[in-house]
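Below, chain A is the first sequence line, B the second, and so on; all start at residue 1.
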There are 2 protein chains.
Amino acid sequence: MEPSTKSRILDAAESLFAELGFRAASMRVVTQEAGTNLAAVNYHFGSKEGLIAAVFERRLGPINAERLAGLDALQQTDADGPSPELEAILAVFLRPAFRLLEDPQARQFPRLLGRIHSDPDRDKVRELLFEQMVELRDRFVPAFARSLGCQDQVELMWHLHFLIGAMAHTLTCADDIEWISEGRMQTPPPEELLRRLVTFAAAGIRAGVAPPGDANPGTTEEPR
Amino acid sequence: MEPSTKSRILDAAESLFAELGFRAASMRVVTQEAGTNLAAVNYHFGSKEGLIAAVFERRLGPINAERLAGLDALQQTDADGPSPELEAILAVFLRPAFRLLEDPQARQFPRLLGRIHSDPDRDKVRELLFEQMVELRDRFVPAFARSLGCQDQVELMWHLHFLIGAMAHTLTCADDIEWISEGRMQTPPPEELLRRLVTFAAAGIRAGVAPPGDANPGTTEEPR
DNA sequence: GTCTATAGACGGATAGAC
DNA sequence: GTCTATCCGTCTATAGAC
């Protein structure tokens, strides 16, 4: 079955937005790549902004549903047992985006997803992102907190902020390692990226968090 | 003394590029903000791309010089003693950019610096960035390696990659914490951001690195 | 649903006066 | 060094035929 004009536009837009950015990827180039014309975008999506939103809607819902389902599975397994391991929660959160890197149909989306956090044009999908993030936050932050046995939610939130940054940079710029190492290193398969990031983030998130029962853990001395 | 037209253009460009992105900030808006006109940019910088490069040249040199001088000072102090602490090296690397957040003249540049890693338009300053990065890499990577007493440079490089991501996200999007927490958290002063990031990154970088003398440290088991 | 053609705004760059 | 006026290309969006 031939893919519809609508989905061909979405595919072309996803790929070109990821490669060139929202602004540099003009609707002319997108529609040319999709084998159609300018008017088709306005017919199906109303405007360029509508197209941008549609590109995110198509992938972000499934990704976040997979994250939440993964967390469900993790918590269900040992509902009355101990809390899941930090590493397991991290992997459940991170894997859906990294797995897309292996999907020929969707390989470019993770780049877009990584960049959207810092993109000056993110306002165009801000509401969409916020709704999804609130749901993730309400499920994952308590899960992390319980796993760490910690009360310092402020420190946890900052560590999760750093995790988001490391994740975004890896989804968007993993190949930079080849550039900076001048070819001595190569970008490994997504599963290895994921494993390295989980190791790094788990240790970072645990840092400064008291083992349960300790007094005043959070703040360490000034590094100098 | 009146600031020159040239420096007024640089100030306006820095601020507007940080706020709107390179593409959305048109030369018309930049020159209007600088109280001058389109032709002045081409006279002083040759083109918009020349202006973008000049905005980075003005700040990036001093920042990286400060980083290298800081590392010099650290290594000089105990030249024949033990290697400097990981936390100290991290702070020396990170502080120059975070300190700019407190400079009313340069507050916007760190946002730009954080975003440039993932910006689709980064090609416009790519050579400039690369030269500076190579020098930083050649000084800091060995310093980190020595401080960790580790041979696994591959793992170290990835952990530094994650650090760059966390740093970039924090420089560019620190205020997101207010948005995501729906106002329950506020963005702290730069020194506190720096302290939290150093704590997180030091633990992350140490993760999976063997204490000197261990066998086959790097790879941990698959998280699942 | 899909197309061509075009409107209408805005982009960077430049010529040439001062 | 700085300005005004203008060229010319590209952008998004839409009108209207099929």
Any chance you could lay out the side chain to side chain contact (heavy atoms under 4.5 Å, CB included) test for A/Leu171 and A/Phe109, step after step, and finish with the verdict?
-> CA-CA 9 Å; A/Leu171 289 175; A/Phe109 184 74; over 6 Å; no
Determine: side-chain N/O of [X] to OP1/OP2 of [N], distance under 4.0 Å, yes or no.
| X | N | answer |
| --- | --- | --- |
| A/Thr5 | C/dT2 | yes |
| A/Tyr43 | C/dG1 | yes |
| A/Thr36 | C/dC3 | yes |

Provide, to the nearest angstrom, the distance between the [atom1] atom belonging to [X] and the [atom2] atom belonging to [N].
| X | N | atom1 | atom2 | result |
| --- | --- | --- | --- | --- |
| B/Phe45 | D/dG1 | CZ | C1' | 13 Å |
| B/Lys124 | C/dG12 | NZ | C1' | 11 Å |
| A/Leu38 | C/dG1 | CG | C1' | 16 Å |
| A/Arg8 | C/dG1 | CZ | P | 13 Å |
| A/Asn42 | D/dT14 | CG | P | 6 Å |
| A/Ile9 | D/dA13 | CD1 | P | 13 Å |
| B/Arg23 | D/dG9 | CZ | P | 18 Å |
| A/Met27 | C/dA7 | CE | P | 19 Å |

So which nucleotide from D/dA13, D/dT2, C/dC3 ends up closest to the side chain of A/Asn37?
-> C/dC3
Side chain of B/Ser26 only, please: which of C/dT2, C/dG11, D/dA13 is the nearest?
-> C/dG11
Should [X] and [Y] count as an ion pair when the cut-off is N to O under 4.0 Å?
| X | Y | result |
| --- | --- | --- |
| B/Lys124 | B/Asp119 | no |
| B/Arg23 | A/Asp121 | no |
| B/Arg95 | B/Glu191 | yes |

Side chain to side chain contact (heavy atoms under 4.5 Å, CB included) between A/Asn64 and A/Glu135, worked out = CA-CA 9 Å; A/Asn64 287 337; A/Glu135 196 175 356; over 6 Å; no
A/Val29 vs B/Arg28, nearer the 5' end of DNA chain D by closest nucleotide = B/Arg28
Using the closest heavy atom to pick a nucleotide of DNA chain D for each, name whichever of A/Ala24 or A/Gly46 lands nearer the 5' end.
-> A/Ala24
Quick one: label B/Ala39 by what it contacts on the DNA or RNA (base, sugar-phosphate, nothing), any heavy atom closer than 4.0 Å.
-> base
